[in-house]
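Reviewing the structure listed below.
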Amino acid sequence: MRLLAQFVYLQALDVLTTLAFLSRGVEEANPLVRLVMSWMPTRLGSLVCVKLLAVALAVYCWRQGRQRLLGRMNVFFAFLVVWNLVALVLALGAWT
């Protein structure tokens, strides 16, 4: 259950960091998320839709006993959140 909770937490962090860097003019890199953003009227709504799908897949993995895969997804999303933070810092010009 801890891996699933971590996954949900990382998804929330990804939404928050993505909204932050999008507000600073940084483009979304994920083509799937960009596609959903083109369909939805708000950025938040599109991100929530994508994250609900991701959480549904994580619940499926957890129920199927695929903890190793869920752990790897957590590592991936942890790096993704760090990437978002770096993009935000660069967009703010903090390293110039």
Side-chain angles (χ1 to χ4, degrees):
M1 186 63 130
R2 184 179 50 133
L3 285 173
L4 188 57
Q6 289 171 347
F7 185 83
V8 172
Y9 178 72
L10 287 166
Q11 296 310 299
L13 286 176
D14 185 39
V15 167
L16 293 173
T17 56
T18 299
L19 287 172
F21 78 68
L22 288 173
S23 72
R24 298 301 301 171
V26 179
E27 294 289 324
E28 172 60 52
N30 185 330
L32 174 64
V33 175
R34 277 197 317 260
L35 179 65
V36 175
M37 284 182 169
S38 72
W39 296 340
M40 302 285 292
T42 66
R43 292 174 174 170
L44 178 60
S46 58
L47 290 171
V48 168
C49 283
V50 170
K51 295 307 174 180
L52 286 175
L53 177 60
V55 169
L57 290 171
V59 168
Y60 175 79
C61 287
W62 179 69
R63 285 188 173 175
Q64 296 298 314
R66 306 289 309 265
Q67 281 78 20
R68 188 172 179 187
L69 177 59
L70 193 52
R72 288 180 179 173
M73 291 188 321
N74 284 346
V75 170
F76 173 78
F77 278 102
F79 280 113
L80 187 65
V81 168
V82 170
W83 175 262
N84 287 351
L85 290 171
V86 168
L88 181 59
V89 168
L90 290 174
L92 292 171
W95 285 346
T96 58

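- Rounding to the nearest 0.5 angstrom, the gap separating the CD atom in Gln67 from the CZ atom in Arg2 is 11.0 Å.
- Follow the hydrophobic side-chain contacts under 4.5 Å out from Leu4 and you reach Leu80 in the same cluster.
- Rounding to the nearest 0.5 angstrom, the gap separating the CZ atom in Arg72 from the CZ atom in Arg66 is 9.5 Å.
- The closest side-chain heavy-atom distance from Thr17 to Leu88 is not below 4.5 Å.
- Using modelled atom types, no side-chain atom of Asn84 and backbone atom of Phe21 make a donor-acceptor pair closer than 3.5 Å.
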Expected list for residues 22-34: side-chain donor-acceptor pairs under 3.5 angstrom, two or more places apart:
residue, atom, partner, partner atom, Å
Ser23, OG, Ala20, O, 2.6
Glu28, OE2, Asn30, N, 3.0
Asn30, OD1, Leu32, N, 2.8
Asn30, OD1, Val33, N, 3.4
Arg34, NH1, Glu28, O, 3.0
Arg34, NH1, Ala29, O, 3.1

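- Shortest non-hydrogen contact noted between Cys61 and Leu69 is SG-CD2, 3.6 Å.
- Pairing each heavy atom of Ala54 with each of Phe7, the nearest pair is O-CE2, 3.4 Å.
- No single ILVMFWY cluster, assembled from side-chain heavy atoms under 4.5 Å apart, contains both Met1 and Tyr60.
- Under the 4.5 Å side-chain heavy-atom criterion for ILVMFWY residues, a single connected hydrophobic cluster contains both Leu44 and Met40.
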Please tabulate, for side-chain N and O atoms in residues 46-53, each donor-acceptor pair with protein atoms closer than 3.5 Å (sequence neighbours left out).
residue, atom, partner, partner atom, Å
Ser46, OG, Thr42, O, 3.3
Ser46, OG, Arg43, O, 2.7
Lys51, NZ, Gln11, OE1, 2.9
Lys51, NZ, Asp14, OD2, 2.4

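- With hydrophobic clusters built from ILVMFWY side chains whose heavy atoms lie under 4.5 angstrom apart, Leu70 shares a cluster with Phe76.
- Both Val8 and Val59 are members of a single hydrophobic cluster when ILVMFWY side chains are connected at heavy-atom separations under 4.5 Å.
- We find the CG-CE distance between Leu35 and Met37 to be 11.0 Å, quoted to the nearest 0.5 Å.
- Between Leu3 and Trp62, every side-chain heavy-atom pair lies at or beyond the 4.5 Å cut-off.
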